[in-house]
Student: 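Sending over a structure as structure tokens; questions will come in a sec.
Not measured: the values here are computed from a predicted model. Chain A is the first sequence line, chain B the second, and so forth, proteins listed ahead of strands; every chain is numbered from 1.
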Amino acid sequence: MKEFRIDREPRGSVQLIRLTGSLDMYSFPRLEAQLNALFQQGQYYVVLDCRELDYVGSAGLGALIGFAKQAREHSGDVRLLNVPERIHKIIELLGFTKVLKVHSTEEDAVASFEAK
Amino acid sequence: MDLPENIRRKESTGKLHLQTPGHGSYLAYIRAIVGDLARKIGFDEHEVAKIEMAVDEACSNVVKHAYSLDKKWCWQHRDPEIRLDIRREGDRLVIEINDHGQRFDFANYRPTDIEDRLRQMKRGGYGLFIMRNFMDEVQYNSNDQTGNTLRMVKCLKKP
């Protein structure tokens with residue numbers, strides 16, 4: 001099992017956050033704290049790279065749409081990148097992909113904000 | 001998989017008993033163990049992912065609600081533990097999750113429509129929907145002797 005990790009790599013005005021491990025009710029407060037800190041600094045362009053993520057529970061998904069909503073109120077967004085197929089199938093089935101934007105390349109995800 | 005000492009696991013043919021502290025840090029172990037068993041029984045990877053998520057939602061509810069520190073427990077003499085009994089019954093995987101915390105009014109709980117929640121971008125209220133949609137049966141029973149038991153069934157072949 002991978003240890004949950006959050007690594008932030010800013011790309012200009014876009015905050016790229018690489019997630020590793022499981023985003024469940026135990027780990028999501030750590031991401032919540034990170035996103036709250038970014039929002040307090042006025043950073044509302046966020047891309048979450050999920051390539052190394054092996055699980056997302058409803059606590060994590062709920063938090064993500066809550067943050068996406070908050071970011072959109074400030075003309076930003078929280079977008080997903082490289083979502084593993086196993087997780088993508090689940091979040092698509094539940095309808096979360098109707099609300100959260102998902103990208104397959106880092107360039108696309110970052111450029112989607114630059115185009116704004 | 002190496003398990004922490006305070007996870008107790010007993011396994012016999014097609015049956016598994018698991019006992020863990022009722023704390024969020026053990027959820028990843030529970031998911032991994034249940035997922036491995038579901039795979040061995042013959043569920044494909046997409047169904048395994050659904051089973052793991054349903055079990056995770058159930059156990060998260062135990063940690064978050066049944067053993068919530070701000071609620072008075074019904075059975076304070078018990079240790080806050082989660083007990084899982086998982087077995088194969090023919091073509092069905094039966095998972096029973098037991099706790100001795102605050103009981104949940106399952107019969108009267110009416111979750112709001114998930115489409116509405118998503119449209120409004122609500123943060124919570126998805127857990128029970130996930131359990132009911134990813135498993136074929138979900139039942140909840142609570143009494144003073146045995147505590148609270150959530151029973152979920154997943155069929156290998158669709159009923």
Student: Which atoms of Leu93(A) are under 4.5 Å from chain B, going by heavy atoms: the side chain, the backbone, both sets, or neither?
Tutor: side chain
Student: Search all heavy atoms of Met1(A) against all heavy atoms of Ala32(B) and return the closest pair with its distance.
Tutor: SD-CB, 4.3 Å
Student: Give a yes or no on this: more than 12 heavy atoms of other residues, nucleotides or ligands lie within 6.0 Å of atom CD of Glu3(A).
Tutor: no
Student: Of all of Gly127(B), Ser60(B), Ala49(B), which one pairs up most often with chain A through heavy atoms under 4.5 Å apart?
Tutor: Ala49(B)
Student: With the side chain counted from C-beta on, respond yes when Asp56(B) and Tyr55(A) share a heavy-atom pair under 4.5 Å apart, and no when they do not.
Tutor: yes
Student: For residues Ile90(A) and Glu52(B), determine if any side-chain heavy atom of one lies less than 4.5 Å from a side-chain heavy atom of the other.
Tutor: no
Student: Any idea which of Val99(A), Leu100(A), Leu94(A) has the most non-hydrogen atom pairs under 4.5 angstrom with chain B?
Tutor: Leu94(A)
Student: Might you point out which heavy atoms bring Met121(B) and Lys69(A) nearest each other, and give the distance in Å?
Tutor: CE-N, 3.6 Å
Student: Does any backbone or side-chain atom of Gln120(B) lie under 4.5 Å from a heavy atom of chain A? Answer side chain, backbone, both or neither.
Tutor: backbone
Student: Is Tyr26(A) reachable from Leu3(B) through a run of hydrophobic residues whose side-chain heavy atoms are each under 4.5 Å from the next?
Tutor: no
Student: Measure distances from Leu118(B) to the heavy atoms of chain A and classify the residue's part below 4.5 Å as side chain, backbone, both or neither.
Tutor: both
Student: Can you tell which of Arg31(B), Arg117(B), Lys122(B), Glu115(B) has the highest number of heavy-atom pairs within less than 4.5 Å of chain A?
Tutor: Arg31(B)
Student: Taking CZ in Arg132(B) as the centre, count heavy atoms belonging to other residues, nucleotides or ligands within less than 6.0 Å. Is the count above 12?
Tutor: yes
Student: Can you establish whether the number of heavy atoms outside Arg5(A) located under 6.0 Å from its atom CZ is more than 12?
Tutor: no
Student: Would a single hydrophobic cluster contain both Val138(B) and Val94(B), if residues Ile, Leu, Val, Met, Phe, Trp and Tyr are joined by side-chain heavy-atom contacts under 4.5 Å?
Tutor: no
Student: Could you look at Tyr26(B) and say if it's the side chain, the backbone, both or neither that has a heavy atom under 4.5 Å from chain A?
Tutor: neither
Student: Counting only non-hydrogen atoms closer than 4.5 Å, does Leu61(A) touch chain B with its backbone (N, CA, C, O), its side chain (CB onward), both, or neither?
Tutor: side chain
Student: Does any heavy atom of chain B fall under 4.5 Å from the side chain of Phe67(A), the backbone, both, or neither of them?
Tutor: both
Student: Would you kindly confirm whether Val153(B) and Ile95(B) end up in one hydrophobic cluster when ILVMFWY residues are joined by side chain heavy atoms under 4.5 Å apart?
Tutor: no
Student: Locate the shortest heavy-atom distance separating Ser58(A) from Tyr126(B); write the atom from each residue and the value.
Tutor: CB-CB, 3.9 Å
Student: Output the option from Lys98(A), Lys89(A), Glu85(A), Met25(A) having the highest count of non-hydrogen pairs under 4.5 Å with chain B.
Tutor: Met25(A)
Student: Can you tell if the side chain of Val48(B) reaches within under 4.5 Å of the side chain of Arg86(A), non-hydrogen atoms only?
Tutor: yes
Student: Is it the case that one hydrophobic cluster holds both Tyr29(B) and Val55(B), taking links as side-chain heavy atoms less than 4.5 Å apart, direct or via other members?
Tutor: yes
